Student: 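Got a structure here, written out as structure tokens. Questions coming.
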2 protein chains.
Amino acid sequence: MRIDTKTALLNSAERAARARGFDGFSYADLAEDVGIRKASIHHHFPTKAALSVALMQRYAAEIKEALAALDATHPSGCARLAALIDHYRAALNGGKTLCLCVSFSTSRDSLPADVITEIRSFRQMVIGWLTRTFELGQSDGTIAGVTMPDKEAAATLPLLEGAQLTARAQENLDLFENGVQLLRQRLANPS
Amino acid sequence: MRIDTKTALLNSAERAARARGFDGFSYADLAEDVGIRKASIHHHFPTKAALSVALMQRYAAEIKEALAALDATHPSGCARLAALIDHYRAALNGGKTLCLCVSFSTSRDSLPADVITEIRSFRQMVIGWLTRTFELGQSDGTIAGVTMPDKEAAATLPLLEGAQLTARAQENLDLFENGVQLLRQRLANPS
DNA sequence: TTTTATCTACCTACTACTTGGTTGGCAAAT
DNA sequence: ATTTGCCAACCAAGTAGTAGGTAGATAAAA
């Protein structure tokens, strides 16, 4: 099944951005990857800034769906949290890529204001989800030691992102696991 | 007092790298900042890769000294940890810069292998220091809830780094504080 | 002390690409 | 007929770097 060029470009750009950051890839990289001329990309994305907006919006929509799916398929707080940890681990692609939000954050000065706003919304959304998850884990007793779910959430997202960074720098998933080990140990019995 | 050009270049490059990442600044930026011709920079740093090595080595040496100074001036576990948290907060420069290690991590594909190795050593050094700090905090009773100092350390560095990322993306120090709030609450009475 | 040689650190001019983008055109699909 | 999506050709600015040269400082020799 052939996908449309615009989607192929978004996929290619996302891989590149998550591996090398916004300043680390160019339209020439995408052109080669997708198999069209560099100038043709402008038909779909007139500027690199526009591309970054599209990337971030798509990424946020996708994780929104993913979080909803986690809610639907995991009944307990601990199971949900474990699933999110695994989601962040999987986003590493064996240590080759980061979450888009993370990779964009260090080159935020190169990004349009819209994307900075989207990044903020993205993090707020995930922290909101984490807050509810810690609340659930507190009430169903499957996450140990939760006294302030909102503060747990506010600490957990930077932990996941920082652990991604470490693992990405060394291309080593064990380093992600080292970072989240204590958190995993608080989970009753994720299933 | 005039500093030597090489040091001025390192200072300029460090500011730029910590603000915009390795791929986000060029020799032209440094030339303008320091006030010499771009081509002259090659006299001091033959390649951008060599510059990155020098930057990382200097940064690691500086934080090594900083950690030793924290040890000397803060007798309790909680005081030391609080001081490190403040160090990472101060490295944000009001939200304008990141720790060099963090800013380099997302563009690690652009960096020489030596720097990747240095980044790993840097993080190990900080985690080692954190481990000893949590051990101290456990034995002197000034950090609450420490059962496994090494695992605490392994979680704390990514938390600090992730919290930096969040604050940098939005240029808002409150977001750093939100991330480390729970950790701060475990500190008895830092002084 | 003066002169000479060497070193350091800068310069100009240049290289070979590379970057994100513009423009006009054409072929295929609708 | 119109729209979509690609092309080639091009643009101006930018990238990391090379090479030869010069001025000033410093050290060594006369």
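Side chains included, hydrogens not; waters and symmetry mates left out as well; all remaining heavy atoms used. Numbered from 1 within each chain, the chains take letters A, B, ... in sequence-line order. Being a predicted model, the structure only gives us computed values, none of them experimental.
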Student: Considering only nitrogen or oxygen atoms on both sides, find all protein atoms under 3.5 Å from nucleotides 17-20 of chain C and state each distance.
Tutor:
unit_1 : atom_1 : unit_2  : atom_2 : d
C/dT19 : OP1    : A/Ser26 : OG     : 3.1
C/dG20 : OP1    : A/Lys48 : NZ     : 3.1
C/dG20 : OP2    : A/Tyr27 : N      : 2.9
C/dG20 : N7     : A/Lys38 : NZ     : 2.7
C/dG20 : O6     : A/Lys38 : NZ     : 3.4

Student: Please give me every residue in residues 9-20 of chain A whose heavy atoms get under 4.0 Å of an atom in DNA chain D, ordered by residue number.
Tutor: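 Those residues whose heavy atoms fall under 4.0 Å from DNA chain D, taken from residues 9-20 of chain A, amount to none.
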Student: When hydrophobic residues are tied together by side-chain contacts of less than 4.5 Å, even through go-betweens, does B/Leu175 share a cluster with A/Ile119?
Tutor: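 Cluster IDs for B/Leu175 and A/Ile119 differ.
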Student: Please list each protein N or O that sits under 3.5 Å from an N or O in nucleotides 6-9 of chain C, with the distance.
Tutor:
unit_1 : atom_1 : unit_2  : atom_2 : d
C/dA9  : OP2    : B/His43 : NE2    : 3.4

Student: Quick one: on DNA chain C, does B/Lys6 or A/Ser40 contact a more 5' nucleotide (nearest heavy atom)?
Tutor: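 Of the two residues, B/Lys6 wins.
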Student: For B/Asp109, is there an ion pair with A/Arg168 - N to carboxylate O distance below 4.0 angstrom?
Tutor: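 Answer for the salt bridge query: yes.
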Student: Could you list all the salt bridge (Lys or Arg N to Asp or Glu O under 4.0 Å) pairs where at least one residue sits in residues 40-51 of chain A, not counting sequence neighbours?
Tutor: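 Sorted result for residues 40-51 of chain A: empty, none.
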Student: Are A/Leu84 and B/Leu182 connected into the same hydrophobic cluster when the rule is that any two of I, L, V, M, F, W, Y join if their side-chain heavy atoms are below 4.5 Å apart?
Tutor: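 B/Leu182 does not cluster with A/Leu84.
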Student: Any sub-3.5 Å donor-acceptor pair from B/Arg18's side-chain atoms to B/Leu98's backbone N or O?
Tutor: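 Yes, because the side chain of B/Arg18 sits within donor-acceptor range (under 3.5 Å) of the backbone of B/Leu98.
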Student: Restricting to side chain to side chain contact (heavy atoms under 4.5 Å, CB included), what partner residues turn up for A/Glu177, sequence neighbours left out?
Tutor: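 Expected list: A/Arg89, A/Val180, A/Arg184.
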Student: Within the structure shown, what part of the strands sits under 4.0 Å from B/Arg37 by heavy-atom distance: base, sugar-phosphate, or nothing?
Tutor: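 Answer is base: heavy atoms of B/Arg37 come under 4.0 Å of a base.
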Student: For nucleotides 24-30 of chain C, give me one character per nucleotide, 5' to 3': B if any protein heavy atom sits under 4.0 Å from the base, S if the only such contacts are to the sugar-phosphate, - if neither.
Tutor: -------
Student: Hey, are A/Asp71 and A/Arg132 close enough for a salt bridge, meaning a charged N less than 4.0 Å from a carboxylate O?
Tutor: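 The answer is no: the pair does not qualify as a salt bridge.
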Student: Can you check the B/Leu30 CG to D/dG17 P distance for me, whole Å?
Tutor: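 Those two atoms, CG and P, are 12 Å apart.
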Student: Mark yes or no for whether B/Thr97, through its side chain, and B/Ala91, through its backbone, hold a donor-acceptor pair below 3.5 Å.
Tutor: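 Present.
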Student: Are more than 12 heavy atoms, taken from residues, nucleotides or ligands other than B/Arg186, located less than 6.0 Å from that residue's CZ atom?
Tutor: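 Yes - once you tally the heavy atoms of other residues, nucleotides and ligands closer than 6.0 Å, there are more than 12.
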Student: Please tell me whether A/Leu136 and A/Leu157 are part of a single hydrophobic cluster in this structure, the criterion being side-chain heavy atoms less than 4.5 Å apart.
Tutor: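 Different hydrophobic clusters.
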Student: So A/Thr133 and A/Glu152, do their side chains get closer than 4.5 Å, heavy atoms only?
Tutor: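 No - every pair of side-chain heavy atoms lies 4.5 Å or more apart.
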Student: Checking B/Tyr27 side chain against B/Thr47 main chain: does a donor-acceptor pair fall under 3.5 Å?
Tutor: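 Yes; at least one donor-acceptor contact below 3.5 Å.
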Student: Just the rounded figure in Å: distance from P of D/dT18 to CD1 of B/Ile41.
Tutor: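 One finds 14 Å between P of D/dT18 and CD1 of B/Ile41, rounded.
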Student: Main chain of A/Val146, side chain of A/Gln138: is a donor-acceptor contact present, judged purely on distance under 3.5 Å?
Tutor: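 Judged by distance alone, yes, a pair lies under 3.5 Å.
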